[in-house]
Amino acid sequence: MDIFPLLCAVAVTFTGLTKGDGVLPDATVNAAVGETVMFTTTLTPSETPFQSVEWTFGDRNIIFFNFNNFTEPEYEGRITLFIYTGSLELRNLAHNDSGEYKVAIGIVGERPKEGITRLAIHVRVSDVMTTASSTDLLEDGSVRLSCSSSGSTPSFRWFNGSSEVTASDRVQLTDGGANVTINVTRYDQGPFRCNVSNPASSATSGLINLLISYGPENIILKISPSQEYYEEGSNIILSCSADSRPVALFIWLLNGVPLSDTGPELSLMNIQESKSGNYSCQAYNLKTLRSIKSQPAAVSVLKRISGASITPKTNSLIEGNSFNLSCDAAGSVFTREWMKGGLNLTPDNNMALYDNNRVLSFNSLSKKDTGDYLCKVSNPLSHDDATYTMVVIYGPEHVQISGPSEIHLEKTLTLNCIAEAEPAIYTWKLNGTKIHNSAVFTKDNTDYSDSGDYICEVMNNITGRASSAVHGLSVTAPPGPKPFPTGAIVGIVIAVLVCVVVGGGGYYMYNKKKRTSKLSTTPKRNPTTGRGAEGQDNKAYTGGQELNYADISIFQKKDGGTVHLGLQSNSSEYAQIVVNNNPPAAPSPPTYEAHQQRIKRPAPQPRSNATEVYAQVHKK
């Protein structure tokens, strides 16, 4: 073929081409060595071949089509031209295929179209490998990860799991990302991988896992069952955990002293009160050489409360003395509460609580301290109580007598003696004479002789003290007809006596005269036997005369009236008069004490029947 026509055709073809018609994409086409690349135009495929198509590489021709193909020898077998689109396929790429490619397409009846693109040939990425400066690390240590590969223009990216590793205050990327240095935490254990790519290929390395040791930390101690107090004999399980890699070793401590038990669990079976205390666990990491101790957990083991008792101490229960009560019980005593009458006791100036309320102390006992005292001993699991009855010995004081100060004859008298004393012995006296021994004095059918001063004496044989009260009583006649006055009765009796004496004296003189006249004829009396000469039984004089009776039913008054002694029958009434010619010897003078009692005694009162004062009334 003649070269001149060809050159003329090429010149005509390229005449008037406008750069950037958009026949080819503007972007660089990337491909790998040995691969195939397709330079695809943007033209719609025609029904008939284009008039001409020419592809050039830099300043070298690749192929020219003008109803015939003209291919440069070096591209023989490596290219394929698509005459309906103008696209070109280039195979078996090599590094020297990189550069600028142009296409000029002639279309009948249209202006020629041109396109330019670039081809970048890369060596495919391969043999991607990662290495680590160390895979066994301590937290807060550092590690350097390196990535290497084969291929051209590599680009490096690092991943931890599914997350990309990016630069930060603890991550540094160097050498275009081929190397990464990390100040590791426990979360940096991986797996790490490196991805290497270029525009034509991409490859990823194998995985690297880091073993990062940390801890122990966040130690937690648990108790099961969890409660504030445990009864003796209970079973308790303590467990300990901590964040640590590798797994921490555990030791147990009681009140800071190591126990022989190790491991994450401590079993306390049939626990006794002596095992109470603060339990803690300590975790130790053999890799980091660090340890941590838990907060102590209190295990309080209690014995049940039993046998509560109250014991009196020291002095006796006498008012004014000091006195102590001690409250004790078996078991784990937490609290002691003292109560009296259902109310809690409150310390005051006279009463105090000592030794954690074990001792109730009285500085000076008083009668108001008498009562039932209860001590309640308790702990959170049980309780018991004891009662002590306190009777304060005091008095006597404030002795009082209650009862009437006046009472009628033949009524029942009741006097009550009231005193503040414990204990108390009661003694009643009437006008100085003991009459009764109890707090209540009762007398039926009162008489005038029951009048007088009643004294109630109260004695406390423990305190040695005594006190008394006096109560005056008058026995009076009941209401009704008034009896004769005592003076009138005495006058009547005297008048009767005068009449009897006068009458008796006249009769005596008469008999004496008569007997005198008979002395000459009457035998003389035997002074020894008292008999007469003729055997009469003449009684000797004995000092008493025969009984005479005086009719005293009615007396005439001076004013002409009569005095009735209250006798209602028609029968004659007599007063028995006994004449004693041997009067008793004169009594000795009364003592001063009897004189004083007589002065205090009230004047005697008339009886209800006046005739009973000096005479005994008889009916015939």
Does the side chain of [X] reach to within under 4.5 Å of the side chain of [Y], using non-hydrogen atoms?
{"X": "Val257", "Y": "Leu254", "result": "no"}
{"X": "Phe65", "Y": "Gln51", "result": "no"}
{"X": "Gln282", "Y": "Leu253", "result": "yes"}
{"X": "Asp369", "Y": "Met390", "result": "yes"}
{"X": "Val377", "Y": "Thr335", "result": "no"}
{"X": "Glu265", "Y": "Ile237", "result": "yes"}
{"X": "Leu266", "Y": "Tyr279", "result": "yes"}
{"X": "Val171", "Y": "Thr166", "result": "no"}

Is it true that [X] and [Y] make a salt bridge, defined as a side-chain N closer than 4.0 Å to a carboxylate O?
{"X": "Arg358", "Y": "Asp328", "answer": "yes"}
{"X": "Asp188", "Y": "Arg170", "answer": "yes"}
{"X": "Lys367", "Y": "Glu420", "answer": "yes"}
{"X": "Arg157", "Y": "Glu164", "answer": "yes"}

So, [X] side chain and [Y] main chain: donor-acceptor pair closer than 3.5 Å or not?
{"X": "Ser133", "Y": "Arg144", "result": "yes"}
{"X": "Asp175", "Y": "Ala178", "result": "no"}
{"X": "Asp140", "Y": "Asn183", "result": "no"}
{"X": "Ser152", "Y": "Val123", "result": "yes"}
{"X": "Trp338", "Y": "Asn357", "result": "yes"}
{"X": "Lys340", "Y": "Thr370", "result": "yes"}
{"X": "Asn363", "Y": "Met351", "result": "no"}
{"X": "Trp158", "Y": "Gly177", "result": "yes"}
{"X": "Ser294", "Y": "Ile220", "result": "no"}
{"X": "Asp127", "Y": "Ser150", "result": "no"}

Atom [atom1] in [X], atom [atom2] in [Y]: separation rounded to 0.5 Å?
{"X": "Ser134", "Y": "Leu210", "atom1": "OG", "atom2": "CG", "value": "8.0 Å"}
{"X": "Tyr75", "Y": "Thr80", "atom1": "OH", "atom2": "OG1", "value": "14.0 Å"}
{"X": "Leu137", "Y": "Ile212", "atom1": "CG", "atom2": "CD1", "value": "6.0 Å"}
{"X": "Arg245", "Y": "Lys287", "atom1": "CZ", "atom2": "NZ", "value": "12.5 Å"}
{"X": "Ile318", "Y": "Ile393", "atom1": "CD1", "atom2": "CD1", "value": "5.5 Å"}
{"X": "Lys293", "Y": "Leu221", "atom1": "NZ", "atom2": "CG", "value": "12.5 Å"}

(request) Before giving the answer on side-chain contact (heavy atoms from CB on, under 4.5 Å), spell out for Val333 and Ile305 the whole-Å C-alpha distance, their side-chain angles and the decisive distance to 0.1 Å. (result) CA-CA 7 Å; Val333 177; Ile305 300 294; 3.9 Å; yes
Heavy-atom neighbours of [X] [atom1] exceed 12 at 6.0 Å:
{"X": "Asn344", "atom1": "CG", "result": "yes"}
{"X": "Asn270", "atom1": "CG", "result": "yes"}
{"X": "Met129", "atom1": "CE", "result": "no"}
{"X": "Glu110", "atom1": "CD", "result": "yes"}
{"X": "Lys275", "atom1": "NZ", "result": "no"}
{"X": "Asn349", "atom1": "CG", "result": "no"}
{"X": "His383", "atom1": "NE2", "result": "no"}

Quick one: closest heavy-atom pair of [X] and [Y], and the distance?
{"X": "Ile208", "Y": "Thr135", "result": "CG2-CG2, 4.3 Å"}
{"X": "Ser361", "Y": "Tyr354", "result": "CB-CE1, 3.6 Å"}
{"X": "Thr153", "Y": "Pro199", "result": "OG1-CD, 3.8 Å"}
{"X": "Ser205", "Y": "Thr130", "result": "OG-CG2, 3.1 Å"}
{"X": "Ala31", "Y": "Ala200", "result": "C-CB, 3.6 Å"}
{"X": "Leu360", "Y": "Leu353", "result": "CD1-CD2, 3.5 Å"}

(message) Ring centroids only, cut at 6.0 angstrom: are Tyr101 and Phe57 within range, meaning strictly under it?
(response)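 Distance test on ring centres: under 6.0 Å, yes.
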(message) Taking the six-membered ring for Trp, are Tyr229 and Phe334 closer than 6.0 Å centroid to centroid?
(response)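 Yes; Phe334 has its ring centre under 6.0 Å from that of Tyr229.
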(request) Using the side chain to side chain donor-acceptor pair (under 3.5 Å) rule, pick out the option among Glu273, Lys303, Arg304 that qualifies with Ser332. (result)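 Passing option: Glu273.
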(message) With side chain to side chain donor-acceptor pair (under 3.5 Å) as the test, pick out the partner of Arg78 among Thr71, Asp97, Thr36.
(response) Asp97
(request) Assess whether side-chain contact (heavy atoms from CB on, under 4.5 Å) is satisfied between Asn179 and Leu145, documenting all intermediate values. (result) CA-CA 6 Å; Asn179 298 305; Leu145 302 178; over 6 Å; no
(request) Carefully, step by step, assess Asn350 and Ser364 under the rule side chain to side chain donor-acceptor pair (under 3.5 Å). (result) CA-CA 6 Å; Asn350 185 52; Ser364 178; 4.9 Å; no
(message) Using the rule given for side chain to side chain donor-acceptor pair (under 3.5 Å), can you reason through Thr48 versus Ser46, listing the C-alpha separation, both sets of side-chain angles and the distance that settles it, and then say yes or no?
(response) CA-CA 5 Å; Thr48 59; Ser46 64; 4.9 Å; no
(request) Verify the distance criterion only: is there a donor paired with an acceptor across the side chains of Thr387 and Asp372 at less than 3.5 Å? (result) no
(message) Between Glu74 and Arg60, is the salt bridge (Lys or Arg N to Asp or Glu O under 4.0 Å) condition met? List the steps.
(response) CA-CA 11 Å; Glu74 59 183 294; Arg60 293 180 297 169; 3.3 Å; yes
(request) Take Thr56 and Asp59, measure what side chain to side chain donor-acceptor pair (under 3.5 Å) needs, and give me the verdict at the end. (result) CA-CA 7 Å; Thr56 59; Asp59 56 357; over 6 Å; no
(request) On the 0 to 90° scale, with breaks at 30° and 60°, tag the Phe39-Trp55 ring pair as parallel, tilted or perpendicular. (result) tilted
(request) List the steps and the verdict of side chain to side chain donor-acceptor pair (under 3.5 Å) for Ser201 and Asn198. (result) CA-CA 5 Å; Ser201 62; Asn198 59 28; 3.0 Å; yes
(request) Start with the C-alpha distance between Arg186 and Glu217, add both sets of side-chain angles, then the distance that settles salt bridge (Lys or Arg N to Asp or Glu O under 4.0 Å), and finish with yes or no. (result) CA-CA 12 Å; Arg186 68 195 64 183; Glu217 59 187 43; 2.7 Å; yes
